[in-house]
Amino acid sequence: MKKIILASCAILAASFATQAGAQQGTVNGAAGGAVTGAIVGAVAGTAIDPPPREVVTYVQEQPAPTTSVVVEQPIAVGKPIPQSVVVTPVPSNPRYAYTVVNNQRVIVDPQTHTVVQVLR
């Protein structure tokens, strides 16, 4: 679904960019560029913000689990981990949870299991 939305926004941004380039006046071109920039900025704004430092510190200080979880897919920020992977909530900040996957500590959004940060 995200890919469809991003593709739609990219197509819309490209059409605005084309229209902005066809403008005769500087003001009209600037306005078209501003609209294009706003759309591109909105798409770029979907990037995931890193968690607060206290969340990272908390996750780093937790003992490693006794069992390891291995998944076939690469672990990357913005990509979900399988829903079958058990995540542990961060008590001080319920917006985040963590787990260890493929021997990497991973901070995730507990509702979507989307990776927010991979700790190395």
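Everything numeric here is computed off the predicted structure, so don't read it as measured data.
Within the 4.5 Å cutoff, the side chain of R105 has no heavy atoms near those of the Q117 side chain. Under the 4.5 Å side-chain criterion, counting only non-hydrogen atoms from C-beta, V108 is not in contact with T114.
Listed here is the closest heavy atom pair of V87 and H113: CG2-NE2, 3.8 Å. Looking at every heavy atom in both residues, Q83 comes nearest to T112 through NE2-O, 3.4 Å. Across V116 and P51, no two heavy atoms sit closer than the pair CG1-CD, 3.5 Å. When all heavy atoms are compared, the tightest approach of Q73 to P80 is NE2-O, 2.8 Å.
Rounding to the nearest 0.5 angstrom, the gap separating the OH atom in Y58 from the OH atom in Y98 is 4.5 Å. Distance CD1/I75 to NZ/K79: 12.0 Å, rounded to 0.5 Å. Taken from CD in Q60 to CZ in R120, the straight-line distance is 12.5 Å, to the nearest 0.5 Å.
The hydrophobic clustering, which links ILVMFWY residues whose side-chain heavy atoms are closer than 4.5 Å, places V69 and V115 together. Hydrophobic clustering of Ile, Leu, Val, Met, Phe, Trp and Tyr side chains at less than 4.5 Å, counting indirect connections, keeps V71 apart from V100.
Side chain of N102 to main chain of Q104: no donor-acceptor pair is present (N/O by atom type, distance under 3.5 Å, no hydrogens or angles).
Checked options I107, I81, V59; the residue passing with T99 is I81 (criterion: side chain to side chain contact (heavy atoms under 4.5 Å, CB included)).
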